[in-house]
Amino acid sequence: MKKIEHLGIAVKNLENSNALFEKLLGEGPYKEEKVASEGVKTSFFKNGPTKIELLESLNEEGPIAKFLKSKGEGIHHVAFEVDDIYAEMERLKQEGFQVLGDRPKKGADNKWVVFVHPKSTNGVLIELCQEIE
Ligand SMILES: CC[C@H](C(=O)O)C(=O)SCCNC(=O)CCNC(=O)[C@H](O)C(C)(C)COP(=O)(O)OP(=O)(O)OC[C@H]1O[C@@H](n2cnc3c(N)ncnc32)[C@H](O)[C@@H]1OP(=O)(O)O
Ligand SMILES: [Co+2]
């Protein structure tokens with residue numbers, strides 16, 4: 001794991017939260033992007049070597065919608081940058097972590113992504129991200 005690539009924060013309303021985080025961070029998001037496969041629309045803010053990702057649900061049944069219903073707004077996941085997502089998936093599986101799925105999927109911000117179930121990581125949803133060359 002090279003570094004924390006982004007912190008994912010679940011929000012009810014992306015537009016409102018973009019304005020709030022622009023005040024907090026002193027600059028607005030550098031991109032907004034829908035990821036239909038995840039049922040989310042996202043915005044990304046640079047913060048030094050890492051990023052903040054805000055996520056609003058596009059539907060009533062996706063992971064962000066479920067999270068908001070059960071936990072409300074807040075930190076949803078921690079994403080780590082990796083060089084070789086397949087090798088990291090295999091390593092984590094060998095270490096006993098519950099890697100979700102058997103192949104990466106296309107995420108936001110030009111990344112391949114895969115997730116590790118929070119049940120195997122002390123309650124923190126973990127995302128692995130590899131830049132799509
Ligand atoms: C890809 C675009 C973007 C990017 O960066 O590129 C994203 O980050 S997209 C982010 C949204 N997508 C995902 O989160 C995909 C991975 N998540 C999942 O597959 C599910 O959310 C899963 C498996 C973590 C939970 O799904 P499930 O249907 O089982 O939800 P439950 O509400 O029944 O939860 C079961 C259990 O897990 C706890 N939980 C759920 N979400 C989280 C979370 N984000 N952090 C910590 N814990 C979480 C939940 O509280 C339940 O615990 P329990 O003790 O049983 O109550
Ligand atoms: Co993410």
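Each ligand, and each atom within it, is numbered from 1 in the order the structure gives.
- The protein does not reach atom 34 (O) of ligand 1 closely, with no heavy atom under 4.0 angstrom from it.
- Summary of contacts: the protein heavy atom closest to atom 14 (O) of ligand 1 is His76 CE1, 3.1 Å.
- Between His117 and ligand 1, a contact under 3.5 Å exists for no N or O pair.
- Residue, atom and distance of the protein heavy atom nearest to atom 17 (N) of ligand 1 are Leu125 CD2, 4.1 Å.
- For Gly123, the closest heavy-atom approach to ligand 1 falls below 4.0 Å.
- Evaluated for a side-chain contact (heavy atoms from CB on, under 4.5 Å) with His6, the options Lys51, Lys46, Glu81 yield exactly one hit, Lys51.
- Taking any N or O of Glu53, backbone or side chain, at least one lies under 3.5 Å from an N or O belonging to ligand 1.
- Distance remark: protein heavy atom present below 4.0 angstrom from atom 7 (C) of ligand 1.
- Around the CD atom of Glu15, the shell of radius 6.0 Å holds no more than 12 heavy atoms that belong to other residues, nucleotides or ligands.
- Summary of contacts: the protein heavy atom closest to atom 41 (N) of ligand 1 is Phe67 CD1, 4.1 Å.
- For NZ of Lys3, the number of neighbouring non-hydrogen atoms (other residues, nucleotides, ligands) closer than 6.0 Å is greater than 12.
- Partners of Lys31 by salt bridge (charged side-chain N to carboxylate O under 4.0 Å, His left out), not counting sequence neighbours, listed by chain and number: Glu33, Asp109.
- For ligand 1, one of its N or O atoms has an N or O atom of Lys66 under 3.5 Å away.
- Using bins of under 30°, 30° to 60° and over 60° for the plane-to-plane angle, the ring pair Phe44/Tyr30 lands in the tilted bin.
- Close contacts of ligand 1 with Gly107, meaning ligand atoms under 4.0 Å from a residue heavy atom, involve 1 (C), 6 (O).
- Within the 4.5 Å cutoff, no side-chain heavy atoms of Val114 are placed close to those of Leu100.
- No more than 12 heavy atoms of other residues, nucleotides or ligands lie within 6.0 Å of CG in Asn122, so this atom counts as exposed by the packing criterion.
- Tally of protein N, O or S atoms closer to the Co ion (ligand 2) than 2.8 Å: 4.
- Considering backbone and side-chain atoms alike, Ala108 places an N or O below 3.5 Å from some N or O of ligand 1.
- Contacts between Thr42 and ligand 1 below 4.0 angstrom, taking non-hydrogen atoms only, are absent altogether.
- In this structure, Met89 and Asp102 approach most closely via the heavy-atom pair CE-C, 3.7 Å.
- Shown in contact with His6 at under 4.0 Å from a heavy atom are these atoms of ligand 1, numbered in order with element: 5 (O).
- Given atom 16 (C) of ligand 1, the protein heavy atom at minimum distance is Phe115 CG, 3.5 Å.
- Not one N or O of Ser70 is nearer than 3.5 Å to an N or O of ligand 1, by distance alone.
- For Phe67 against Gly74, the heavy-atom pair with the smallest separation is CE2-O, 4.0 Å.
- At a heavy-atom cutoff of 4.0 Å, ligand 1 is contacted by the side chain of Leu100 but not by its backbone.
- Shortest non-hydrogen contact noted between Gly101 and Lys93 is O-NZ, 4.1 Å.
- Under 4.0 Å from ligand 1, not a single heavy atom of Lys111 appears.
- Contact check for Glu5 versus Thr50: no side-chain heavy atoms found under the 4.5 Å cut-off.
- Taking 4.5 Å as the limit, some side-chain heavy atom of Pro104 sits within range of a side-chain heavy atom of Tyr86.
- Interface atoms of ligand 1 facing Leu55, defined by a heavy-atom separation under 4.0 Å, are 7 (C), 8 (O), 9 (S), 10 (C).
- Side-chain contact, Glu131 with Asn110: a donor N or O sits under 3.5 Å from an acceptor N or O.
- Ranking protein heavy atoms by distance to atom 53 (P) of ligand 1, first place goes to Lys119 NZ, 3.5 Å.
- Ranking the protein heavy atoms by distance from atom 39 (N) of ligand 1 puts Pro118 CG, 4.0 Å first.
- If you number the atoms of ligand 1 from 1 as listed, the ones under 4.0 Å from a heavy atom of Lys71 come out as 47 (N), 48 (C), 50 (O).
- For atom 23 (C) of ligand 1, a protein heavy-atom neighbour is present inside the 4.0 Å cut-off.
- In terms of protein heavy-atom proximity, atom 1 (C) of ligand 1 is closest to Glu38 CG, 3.4 Å.
- Distances from atom 29 (O) of ligand 1 to the protein include no heavy-atom value under 4.0 Å.
- In this structure, Lys69 pairs ionically with Glu60, as a charged nitrogen and a carboxylate oxygen lie closer than 4.0 Å.
- Note that CD1 of Ile85 and CG of Leu128 are 5.5 Å apart. Values are rounded to the nearest 0.5 Å.
- Nearest heavy-atom pair, Phe45 versus Glu22, reported as atom, atom and distance to 0.1 Å: CE2-N, 3.9 Å.
- Proximity of atom 44 (N) of ligand 1 to the protein is indicated by at least one non-hydrogen atom lying closer than 4.0 angstrom.
- In terms of heavy atoms, Lys106 sits closest to Val113 at C-CG2, 4.5 Å.
- Side chains of Glu53 and His76: no donor on one and acceptor on the other come within 3.5 Å.
- Of the protein's non-hydrogen atoms, Pro63 CB, 3.6 Å is the one closest to atom 21 (O) of ligand 1.
- The presence of a protein heavy atom under 4.0 Å from atom 51 (C) of ligand 1 is ruled out.
- Residue Phe21 is grouped with residue Ile4 when hydrophobic side chains (ILVMFWY) are merged at heavy-atom distances under 4.5 angstrom, including chains of intermediate members.
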